[in-house]
Structures are given as C-alpha cells and as structure tokens.
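Worksheet: the structure to be examined is printed underneath.
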Amino acid sequence: MNTAQSEALFTRAKDVIPGGVNSPVRAFRGVGGTPRFIASGDGAHILDVDGNEYIDYVCSWGPLILGHRPKVVIDAIAAVLELGTSFGAPTGREVELAELIIDAVPSVEMVRLVNSGTEACMSAIRLARGFTGRELTLKFEGCYHGHVDSLLVKAGSGVATLSLPDTAGVPCGFSETTIALPFNDLDAVERVFRDQGDRLACVIVEPVAGNMGCIPPEPGFLEGLRRVTERYGALLIFDEVMTGFRLSRGGAQELFGIKPDLTTLGKIIGGGLPLAAYGGRAEIMQKIAPAGPVYQAGTLSGNPVAVSAGVAMLRYLESHRDVYDTLEKATAEVTARAPEGVRVNRVGSMATFFFRPGPVRNYEEAKGSDTAVFSRFFHHLLERGVYFPPSQFEAFFVSTAHRPQDIAYTAAAIQEFSKN
Ligand code: HOZ
C-alpha cells in the first residue's frame with residue numbers, strides 16, 4: 001500500500017502540530033506506523049491522500065451514525081450557510097434541537113448546548129457541585145469524560161492508549177476532588193459512599209464504557225449506582241457522549257431503563273459538527289446562569305451550522321426507528337467471526353475485540369489484552385482496506401451506510417486474521 005503522501009504530511013505536521021495530530025489517539029502510537037491523512041469520505045468509505053480506500057469503522061469516533069456526508073445533513077448545512085454561520089444570539093433552531101433531545105432522552109427535561117463532550121462533562125460536574133453544595137466526584141477507572149482537569153484521573157481513551165499514569169499540568173487540588181474506582185464494582189462504590197457519602201456531589205459514568213474499549217455494565221451495576229446516589233443525595237451523571245442516540249434513540253438510559261439526574265451528550269447530536277450538550281432534571285438545570293448561580297457560557301454555543309446538522313440528524317433518527325435494528329444486525333455480523341481466544345464486547349453498534357480470553361469487565365481486564373496482537377490485527381485490516389480505531393482502548397462503530405458487502409468483506413478479513 002502506497003502511503004507516501006500521508007508520510008510526507010505527517011513529517012510536516014510534526015514540525016507544526018504537537019505529535020503531528022490534533023487529538024492523540026490519531027497518531028497511531030498505540031499500533032505503530034503512519035497515520036493515514038484522510039482526503040474525503042462518502043457513505044461508509046474514506047479515501048486517504050494517497051488514494052487508498054477504506055471501509056471506515058471509526059466513523060469520526062462515533063458521530064457518523066449515518067456514514068459520511070448523509071444527504072439530509074449536508075442539505076441542512078448548505079441551507080443554513082445562506083443565512084449565517086454565527087450570531088452570538090439565540091435562534092429558533094436551538095429551541096428545536098433542545099425539544100428533539102428532550103423528546104428522545106428519557107431523563108432530560110432541560111438542556112444547555114455547548115461545543116464538545118469535554119465542555120459538557122466539565123459543566124455537568126460543576127452543576128452537580130453547585131446544586132449539592134458538595135465537592136467530590138466519583139468516576140471509574142478507564143472511563144474518559146474529556147480532558148477536564150479533575151476527570152483525567154485514571155482516564156481512558158488517549159490517556160490509556162499512551163499508558164500515561166497521570167497528566168502533567170493538573171494541580172493536586174483538582175485531582176484530589178476525584179475518586180476513581182473499578183468499573184462494574186458496586187461494592188467499592190457502596191464502601192466509598194459509606195465513608196464519604198456526605199461529601200460526594202456526583203457519580204459520573206459512561207453507562208456503556210467506550211473509552212477503554214467497549215465494556216458493558218454488569219447486570220445491576222447501573223441500578224446500584226442509581227440506588228446509592230439517591231440514598232446519599234448525590235447526583236448520577238450518565239456520560240452519553242458516545243452512547244446517546246447510538247445504542248437507541250434515548251441512549252443507554254433508555255436501553256437499560258435507568259434515569260440519571262444529568263446526562264452529557266455529544267457526537268451524534270452534532271451530525272458530524274462540533275456540538276455537545278448537558279441536560280437533566282429541570283430543578284437542577286435551573287441552577288445554570290442566567291437562571292441560577294452556576295456560571296457557564298460560550299461564544300459559539302448553539303451556532304447555527306452545527307445546530308442545523310444536529311437537527312437534521314435527530315429528525316432523521318426520529319422518523320427512521322428501524323435504524324437501531326439494522327445496526328444491531330450489521331454489527332453482530334462484523335463480530336461473529338472473531339479470532340479464537342479473542343473476547344468480543346459489543347452493545348448495539350459499538351464493539352471491541354480484546355485479545356485475551358475471559359471476560360473484560362473493567363480497565364484492569366482491558367489492560368490484560370495483548371496489545372501487540374491487537375496492533376497486528378489492526379494493520380492486517382488496514383492493509384485490506386478496513387479502517388479500525390488505532391487503539392485497543394477505543395470502540396469501533398458501524399453506520400447505516402455500511403452495506404451488506406462492506407460488512408461481509410470486513411467479516412471475511414477478520415476471519416482471515418484468525419487463520420494467520
Ligand atoms: N477521545 C475520543 C475518542 N474516544 C476522540 C479521539 C480523536 O478524535 O482522536
């Protein structure tokens with residue numbers, strides 16, 4: 001495979017952009033080799049600058065549930081460009097997007113739009129502290145809630161990919177406000193609440209973890225978090241940046257039937273443009289400025305271009321309720337021929353192949369995966385034109401644009417790896 005143009009761009013990039021990329025996982029450090037510089041995308045396919053074509057299972061890390069450049073979204077963006085790109089003043093579309101989110105996500109009664117999942121999670125925990133008058137946050141090892149100072153403690157995603165124990169630049173005072181426990185360990189959560197329940201403002205969790213690879217909640221785990229937070233007056237925050245509108249229209253909370261107090265959203269709700277949100281019970285959301293005393297703001301928040309893309313995407317999902325069944329079947333086919341000794345974790349259209357036997361229920365078990373074999377698997381697929389996330393500690397995604405022939409080709413390429 002000729003990758004000369006990607007290599008040349010990467011060399012240039014490293015002189016002007018730290019590590020050559022604008023988000024660490026993209027640098028291929030977890031798998032080795034040269035990151036592909038992408039020229040274009042169409043449906044389920046991407047083309048790199050050397051003209052190599054791939055079936056894309058990164059899907060921009062989740063947002064592209066309809067694939068690249070879906071007509072409904074592109075038309076909406078084209079239409080709004082005739083009107084303006086940013087006003088710094090409210091528009092009717094923001095109200096429409098808020099109504100669509102509230103209609104779909106069971107626990108959300110009010111919502112505030114921001115620009116990224118990081119902003120959404122940072123704002124949600126600030127709100128939880130403001131609402132409860134408490135300071136501590138409980139999170140789970142290997143979960144990633146954006147690069148919020150206090151949430152980078154034992155974080156997943158790029159932090160896990162680069163095996164960074166901690167992040168430089170975070171004052172102790174910030175990380176000390178966070179307690180990190182193993183995912184799926186309800187006993188540990190109960191112990192911490194027994195000791196410090198009156199100091200805990202919130203528990204933040206990816207209801208299906210996606211940033212240490214895909215790890216589903218064990219039966220009873222989310223229910224237990226709901227119970228214990230209610231008992232001690234702490235807020236339960238579901239980080240549904242990845243799972244929102246992905247696992248079902250109402251996200252993981254609809255799938256598992258649990259109502260958190262606050263929810264963070266991103267990725268799909270922006271239709272492939274930078275947009276995120278946090279929302280929840282009205283009583284809590286009314287504490288945000290200017291309605292209440294918890295400050296949060298943003299010049300480009302609710303900008304018309306991203307909001308129009310988001311509205312088009314959510315309207316499409318509202319009127320095509322069969323999307324989730326289609327994705328379930330397609331993703332099950334991709335994972336059906338996993339190599340021997342490989343553990344597949346999958347919920348709906350997000351999944352991960354872990355190169356180890358036995359269950360993967362938390363970050364420790366995820367770290368037990370043979371990342372050298374994962375790297376070989378990744379490059380085996382890449383060489384055959386299948387683009388998976390370049391990290392063991394990320395989920396892959398399927399879109400409605402993946403056609404039966406894409407899925408069949410991918411499943412065969414995976415099976416071929418097993419034979420090598
Ligand atoms: N942390 C995100 C994936 N879980 C974003 C990765 C990227 O855009 O490079």
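Start at 1 and go down the list; that is how both ligands and their atoms are numbered.
Checking H68 against D56 by side-chain atom types alone, a donor-acceptor pair falls below 3.5 Å.
Remark: the backbone N or O of V170 is not paired with any side-chain donor or acceptor of D149 at under 3.5 angstrom.
Protein heavy atom nearest atom 2 (C) of ligand 1, with residue, atom name and distance: S157 OG, 3.9 Å. Looking only at heavy atoms of the protein, atom 8 (O) of ligand 1 is closest to R26 NH2, 2.8 Å.
Counting atoms of ligand 1 from 1 in the listed order, those under 4.0 Å from a heavy atom of E394 are 3 (C), 4 (N). Interface of Y144 with ligand 1, defined as ligand atoms under 4.0 Å from a residue heavy atom, comprises 1 (N). Counting atoms of ligand 1 from 1 in the listed order, those under 4.0 Å from a heavy atom of M242 are 4 (N).
The distance criterion of under 3.5 Å between nitrogen or oxygen atoms is met by W61 with respect to ligand 1.
For D370, there are no salt bridge (charged side-chain N to carboxylate O under 4.0 Å, His left out) partners at least two apart in sequence or on another chain.
The 12-atom threshold is not exceeded at CZ of R29, counting heavy atoms of other residues, nucleotides or ligands nearer than 6.0 Å.
The proximity of V21 to ligand 1, defined as any non-hydrogen pair under 4.0 Å, does not occur for either the backbone or the side chain.
The aromatic ring centroids of F221 and F140 lie less than 6.0 Å from each other.
By the 4.5 Å heavy-atom criterion applied to side chains, Y278 and V111 are not counted as neighbours.
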